[in-house]
Chemist: 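The structure follows.
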Number of protein chains: 2
Amino acid sequence: MDEPPERLTTKPSWLIGQLSLYARRLAFDGFAATGARGYHYRILAALHEFGPASQAELGRRCRVDRSDVVAAVGELAERGFVDRTPDPDHGRRNRVTLTDDGLRQLRRMDEVLDRVQDDLLGPLSAEDRQILTRLLGRVLTHHEPH
Amino acid sequence: MDEPPERLTTKPSWLIGQLSLYARRLAFDGFAATGARGYHYRILAALHEFGPASQAELGRRCRVDRSDVVAAVGELAERGFVDRTPDPDHGRRNRVTLTDDGLRQLRRMDEVLDRVQDDLLGPLSAEDRQILTRLLGRVLTHHEPH
DNA sequence: GAAAAAATGTTGGCCCGACCAACACTAAGG
DNA sequence: CCTTAGTGTTGGTCGGGCCAACATTTTTTC
């Protein structure tokens, strides 16, 4: 494979961008067996961790646009992984709930993602993986507030 | 801002993916002043570092699909940042060359990207930045060969 | 309590970056 | 020579992310 210019290979923004491609591909290929996409995993994870939620809250939690939550929740509901019912205390709001099938799907996707982390971090030792994760986490939380 | 599920925030693939978004946005906004995109920078950088090249080679070097190189080089040529002429020794191949204006544009984008790295890595010390960059580089080179 | 502001679900569309298939043509290798 | 590989180009697809607008409902503010 031809070498990219050094201007790129030494820039964190390039490294992160290229790695995010590999990560997305690994996850996408892994999820293919489950018939799901990244958005589905995020939403299932949020429901499992925080309980039933409105679509707007799911969007904020998962960093997904409201309009895309509509579609993703619709697909999840079609396959029986979530229930979407109008919130009784709230005229407009929906209440999205994780079903037993949804929980099973989440577990399947968890296994996939665990393997993905392993493939992604490839040659790094356990310590290096922890260092990397901590550094990335610090950087991300610095950008998250706003 | 609502907290994302812990399932996500502890996964390197999530951290890298989210950070790549911030990086792309910072670069995109910075490049806006220069009227260029990411593909343009990659190509200009490769031309400056390796000299004139065919479009196919640019694509391999910059990790850009051949078909997208066509468009990007076309845009660069329109603005006078590169010359695209048929390779005299080669019937089909093009020879793309960096112009003086292109070099100036590259320098402008270099400055933008330097600021982007700074904004992106935010709170990290110089040592931590180096550690992070090294780790990311090791992981990426592990995936590059194949 | 009424008026203004914010929140929610939904539709429809746009963008970048990445990718693929096909075609015409040329170069290189058996 | 004939097959294989490389090149430029067109045209299209996809995921993820994003925005504008709308109707409707809740909350805030006066």
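Here is how names work: the chains are called A, B, and so on, in the same order as the sequence lines, proteins then strands, and each is numbered from 1.
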Chemist: Please round to the nearest 0.5 Å and tell me the distance separating atom OG1 of B/Thr34 and atom CD of B/Glu111.
Modeler: 11.0 Å
Chemist: Check whether A/His143 reaches the backbone of B/Leu120 with its side chain - one donor and one acceptor, N or O, closer than 3.5 Å.
Modeler: yes
Chemist: So if I take every side-chain heavy atom of B/Val70 and compare against D/dG8, C/dA18, C/dG17, which nucleotide ends up nearest?
Modeler: D/dG8
Chemist: Grab the CG-C1' distance between A/Leu21 and D/dG15 for me, whole Å please.
Modeler: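 Interatomic distance, CG of A/Leu21 to C1' of D/dG15: 12 Å.
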Chemist: Looking for any heavy atom pair under 4.0 Å, which part of the strands does B/Gly17 touch: base, sugar-phosphate only, or nothing?
Modeler: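 B/Gly17: no heavy atom of the nucleic acid under 4.0 Å.
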Chemist: Distance only, no hydrogens: is a donor on one side chain within 3.5 Å (strictly under) of an acceptor on the other, for B/Asp65 and B/Ser67?
Modeler: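 Checked: B/Asp65/B/Ser67 side chains pair up, N/O donor to acceptor below 3.5 Å.
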Chemist: Considering only heavy atoms, which members of residues 39-51 of chain B lie under 4.0 Å from some atom of DNA chain C?
Modeler: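 Correct list: B/Tyr39, B/Arg42.
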Chemist: Donor-acceptor pair, A/Arg24 side chain versus A/Tyr22 backbone, under 3.5 Å?
Modeler: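 Such a contact is absent between A/Arg24 side chain and A/Tyr22 backbone.
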Chemist: Given atom CG of A/Leu26 and atom C1' of C/dA18, what is their separation to the nearest angstrom?
Modeler: 15 Å
Chemist: Got a donor-acceptor contact below 3.5 angstrom from the A/Arg93 side chain to the A/Ser54 backbone?
Modeler: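 Judged by distance alone, no pair lies under 3.5 Å.
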Chemist: Please determine whether a side-chain nitrogen or oxygen atom of A/Gln55 lies at a distance below 4.0 Å from atom OP1 or OP2 of C/dT10.
Modeler: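 It does, given that an N or O in the side chain of A/Gln55 lies less than 4.0 Å from OP1 or OP2 of C/dT10.
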Chemist: Please report, rounded to the nearest Å, how far the P atom of D/dC14 is from the CZ atom of A/Arg24.
Modeler: 15 Å
Chemist: Please report, rounded to the nearest Å, how far the P atom of C/dT8 is from the CZ atom of A/Arg95.
Modeler: 15 Å
Chemist: The side chain of B/Ala56 lies closest to which of these nucleotides: D/dG8, D/dG17, D/dT9?
Modeler: D/dG8
Chemist: Examine distances only and state if a side-chain atom of A/Thr99 and a backbone atom of A/Gly80 form a donor-acceptor pair shorter than 3.5 Å.
Modeler: yes
Chemist: What is the separation between atom CZ on A/Arg25 and atom P on C/dC20, rounded to the nearest whole Å?
Modeler: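 About 7 Å, once rounded to whole Å.
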Chemist: Given that B/Asp68 and B/Glu57 both sit by DNA chain D, which one's nearest nucleotide is further toward the 5' end?
Modeler: B/Glu57
Chemist: Can you check whether A/Leu136 reaches B/Leu132 side chain to side chain, under 4.5 Å on heavy atoms?
Modeler: yes
Chemist: I need the B/Leu8 CG to A/Arg42 CZ distance, nearest 0.5 Å.
Modeler: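 Taking CG in B/Leu8 and CZ in A/Arg42, the distance rounds to 7.5 Å.
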Chemist: Find the distance A/Tyr22:OH to C/dG17:P and express it as a whole number of Å.
Modeler: 18 Å
Chemist: Does any part of the side chain of B/Gln130, heavy atoms only, come nearer than 4.5 Å to the side chain of B/Thr133, both counted from C-beta?
Modeler: no
Chemist: In whole angstrom, give the distance that lies between atom CG of B/Asp29 and atom P of C/dC16.
Modeler: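 Spelled out: CG on B/Asp29 to P on C/dC16 is 13 Å.
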Chemist: Could you state the CG-P distance from A/Leu58 to C/dA7, rounded to the nearest angstrom?
Modeler: 17 Å
Chemist: What is the per-nucleotide protein-contact pattern of nucleotides 21-30 of chain C, from the 5' end, where B denotes a base atom under 4.0 Å from a protein heavy atom, S denotes such proximity for sugar-phosphate atoms only, and - denotes neither?
Modeler: -B-BBSS---
